[in-house]
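Since the structure comes first, as C-alpha cells, the remarks are kept for the end.
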Amino acid sequence: MHGAAGNGKSGVLYELAEHLRQKNVPFLPIRLDTRVPGNTAKQFGQDLDLPESPAHCLAGLAEGRKSVLILDQLDAIRWTASHSSTAMGVCKELLRQTRSLRKDKKQIVIVFACRTFDLKNDPDIKNLFAENSENVVVKVSVAAFSDEQLKDVIGPDAFVPLNGHQKRVLSCPHNLAIWLEIKKEGNYSPLSA
C-alpha cells in the first residue's frame with residue numbers, strides 16, 4: 001500500500017486490523033519506524049519477544065487459517081542510515097519466508113505500507129516489489145479525498161466557501177483530521193488563503 005505523506009496509510013492499516021480482528025483472522029502489525037529490524041528475521045522476531053521470525057510465528061499461530069503480517073512505515077528504514085541495509089535485508093527475508101510458507105499451503109499475506117515517493121524512487125524498495133515469476137504484488141494507492149468525498153465529510157455549508165487551495169489542503173486526511181478536531185474544540189475559524 002502506498003500514498004503521499006499524510007494521506008492516511010496508517011489509518012487504512014488500522015481499519016484493516018479492526019476488520020481482521022472482527023473476522024477473527026490472526027494478524028501481526030509492526031511499525032518499522034519504531035521497531036527497526038536488525039540482523040535476521042529470527043532476531044527481529046526475538047527483539048519483538050517472539051520465539052522466531054514474525055512470519056513463522058504468525059503462520060504457526062494461524063493453524064491453517066488466513067493470517068496477515070502488516071509492516072507499516074517501510075520508507076522509515078531508509079532514514080535510519082546505519083541500519084537501512086540490514087533492515088531492508090530483514091524485510092526481504094520476511095517476504096521470502098512468506099512466499100515459502102505460501103508454497104507450503106499456509107494462507108499468509110504480507111502487507112507493506114510506504115510513501116509513493118519512496119516506492120517509485122528508492123532502489124531497495126523498488127527491488128523489494130519487483131515483479132517476478134514467484135511473486136504476486138498488488139499495489140494499492142491511498143489517495144487524497146476527492147471534492148465530493150470532502151464535501152460529504154465536512155458538509156456543504158463548510159465546503160462551498162472554500163477556495164481551491166483550501167480544498168487541496170483539506171483533501172489530505174491528516175490535515176482534515178486536524179481541522180475537524182480544531183473545529184470540534186470550538187477554536188474554529190475559516191481557513192486563510
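- Taking 4.5 Å as the limit, every side-chain heavy atom of Leu95 sits out of range of all side-chain heavy atoms of Lys92.
- Cluster annotation: Val137 is connected to Ile125 through the hydrophobic network of ILVMFWY side chains, with a link wherever side-chain heavy atoms come within less than 4.5 Å.
- In this structure, the side chains of Glu181 and Lys184 come closer than 4.5 Å at one or more pairs of heavy atoms.
- Contact detail for Leu162 and Ala158: the closest heavy-atom pair is CG-O, 3.4 Å.
- Between Lys120 and Lys126 the shortest heavy-atom distance is O-CD, 3.0 Å.
- Here the shortest heavy-atom pairing between Asn7 and Pro173 reads O-CG, 3.2 Å.
- A heavy-atom distance below 4.5 Å is not found between the side chains of Pro29 and Tyr14.
- Checking Asp122, Asp72, Asp75 one by one against Arg115, the salt bridge (Lys or Arg N to Asp or Glu O under 4.0 Å) holds for a single residue, Asp75.
- Side chains of Gln43 and Ser53: a donor-acceptor N/O pair is absent below 3.5 angstrom, by distance only.
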### Message
Run the salt bridge (Lys or Arg N to Asp or Glu O under 4.0 Å) test on Asp104 and Lys106 for me, step by step, so that the C-alpha distance in whole Å, both residues' side-chain angles and the decisive distance to 0.1 Å come before the verdict.
### Response
CA-CA 6 Å; Asp104 290 340; Lys106 305 287 184 189; over 6 Å; no

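- In this structure, Leu128 is a member of the same hydrophobic cluster as Ile108, with clusters built from ILVMFWY side-chain heavy atoms closer than 4.5 Å.
- The nearest pair of heavy atoms linking Met88 to Ile77 is N-CG2, 4.1 Å.
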